[in-house]
Amino acid sequence: MFILWGSRLVRIGKHFDPHIRCENCGNFSQNFFVFRKYIHFFFIPLFPIGQKIINSECVYCKDTFNGEKKTHYLHITKTPVYFYTGIILFITLILYLIAANIHTQKQKKEYIENPQKGDIYLIREDKEKQATYYYVKIKSIEENSVELIRNRFTYDSFVSSMNNKDYFIEEQSIFIPADALKEMLGKGRIISVERGSQ
């Protein structure tokens with residue numbers, strides 16, 4: 001895979017000062033150019049590196065030697081916010097993932113507390129230090145118990161959806177107390193809850 005990353009030096013400020021006399025030609029008017037380097041990934045700035053650099057130039061003779069006011073213009077030029085685009089995007093992504101996970105966990109808890117016919121649970125089973133996964137579906141709800149049917153396959157690793165050839169075995173069902181679902185959630189056995197498929 002071709003990855004484009006590296007550093008780039010860009011001008012972040014330009015200042016014009018008509019009050020400074022050129023040491024070379026004696027005319028007044030100087031341009032000051034401020035530069036800074038940043039690291040980029042796929043041309044998206046991640047963060048600035050190194051110190052700001054300043055160059056001066058006489059408007060008339062283009063002489064570049066004039067130390068007067070360089071420090072002043074160097075200090076008043078701020079690093080642009082876009083230099084931090086990569087960091088801002090990364091932090092935004094992390095915050096989004098955290099918020100999405102909090103929402104998912106809250107929704108999962110609400111679904112467990114109020115089960116409905118057709119809810120599908122991904123269950124994690126730990127046996128001899130080996131985790132396996134399978135699905136159960138609520139076939140019916142009777143007072144304080146739920147009738148569950150299990151899928152045909154057992155998965156050796158986490159899955160986000162059932163295999164196309166997998167299905168629920170309607171003829172084999174078990175009844176468990178509704179409170180047992182809360183207990184399974186508390187122990188981390190219920191990984192996800194899908195609602196909406198009948």
Side-chain angles (χ1 to χ4, degrees), residues 1-25 27-112 120-122 124 131 133 135 155-164 185-186 188-197:
M1 182 176 160
F2 184 64
I3 298 176
L4 297 172
W5 68 276
S7 62
R8 185 177 176 202
L9 183 68
V10 293
R11 190 176 78 190
I12 62 172
K14 178 183 177 182
H15 304 279
F16 174 72
D17 195 326
H19 308 294
I20 297 180
R21 186 174 182 200
C22 176
E23 298 169 352
N24 184 48
C25 69
N27 287 311
F28 289 87
S29 294
Q30 292 276 323
N31 282 323
F32 291 87
F33 304 99
V34 183
F35 299 88
R36 185 124 195 219
K37 226 180 213 185
Y38 65 78
I39 297 289
H40 64 81
F41 181 71
F42 282 103
F43 303 108
I44 298 173
L46 296 178
F47 51 85
I49 57 171
Q51 299 295 319
K52 290 182 279 187
I53 303 165
I54 188 163
N55 291 327
S56 64
E57 177 184 86
C58 173
V59 173
Y60 298 98
C61 72
K62 306 300 182 193
D63 181 55
T64 58
F65 182 79
N66 193 327
E68 192 177 345
K69 282 208 171 176
K70 272 189 175 181
T71 305
H72 168 71
Y73 287 117
L74 190 64
H75 287 338
I76 67 169
T77 305
K78 303 297 180 193
T79 301
V81 175
Y82 79 85
F83 271 41
Y84 300 94
T85 303
I87 292 174
I88 292 168
L89 288 174
F90 180 74
I91 291 171
T92 302
L93 176 65
I94 295 298
L95 293 176
Y96 171 78
L97 292 174
I98 290 170
N101 185 52
I102 290 170
H103 173 74
T104 301
Q105 296 303 325
K106 184 179 176 186
Q107 188 178 55
K108 184 166 61 170
K109 185 178 178 187
E110 288 173 3
Y111 286 173
I112 295 294
I120 297 174
Y121 304 147
L122 175 61
R124 176 186 168 127
Y133 299 84
Y135 288 91
Y155 301 93
D156 292 332
S157 59
F158 173 79
V159 289
S160 58
S161 62
M162 288 174 60
N163 185 299
N164 290 338
L185 179 67
R189 291 190 57 209
I190 297 179
I191 305 302
S192 66
V193 181
E194 183 183 329
R195 178 164 287 178
S197 31

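Note that this is a predicted model, so its numbers are computed, not measured.
Counted within 6.0 Å of NZ on Lys108, heavy atoms from surrounding residues, nucleotides or ligands total more than 12; the atom is thus considered enclosed. The 12-atom threshold is not exceeded at NZ of Lys109, counting heavy atoms of other residues, nucleotides or ligands nearer than 6.0 Å. Residue Tyr82 qualifies as enclosed at atom OH: its count of foreign heavy atoms under 6.0 Å is above 12. Within a 6.0 Å radius of CZ in Phe16, more than 12 heavy atoms belonging to other residues, nucleotides or ligands are found.
A donor-acceptor pair is defined here as one N or O able to donate and one able to accept, closer than 3.5 Å; no such pair exists between the side chain of Tyr155 and the backbone of Tyr135.
Contact check for Thr85 versus Tyr38: no side-chain heavy atoms found under the 4.5 Å cut-off. Counting only heavy atoms from C-beta outward, the side chains of Val193 and Leu185 never approach each other to under 4.5 Å. Contact check for Thr77 versus Arg36: no side-chain heavy atoms found under the 4.5 Å cut-off. Residues Cys58 and Gln30 form a side-chain contact, since some pair of their non-hydrogen atoms from C-beta on lies under 4.5 Å apart. By the 4.5 Å heavy-atom criterion applied to side chains, Ser7 and Ile49 are counted as neighbours. Here the side chains of Phe32 and Ser56 are in contact, with some heavy-atom distance below 4.5 Å.
Note: Asn31 CG to Ile20 CD1 = 10.5 Å, rounded to the nearest 0.5 Å. Distance check, rounded to the nearest 0.5 Å: CD1 of Ile44 to CD1 of Ile88 gives 12.0 Å.
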Applying side-chain contact (heavy atoms from CB on, under 4.5 Å) to Leu46 and Trp5, what does each step give before you reach the verdict? CA-CA 10 Å; Leu46 296 178; Trp5 68 276; over 6 Å; no
Please lay out, stage by stage, how Leu74 and Gln51 fare under the test side-chain contact (heavy atoms from CB on, under 4.5 Å). CA-CA 10 Å; Leu74 190 64; Gln51 299 295 319; over 6 Å; no
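Closest of all the heavy-atom pairs between His19 and Phe28 is O-CD2, 3.6 Å.
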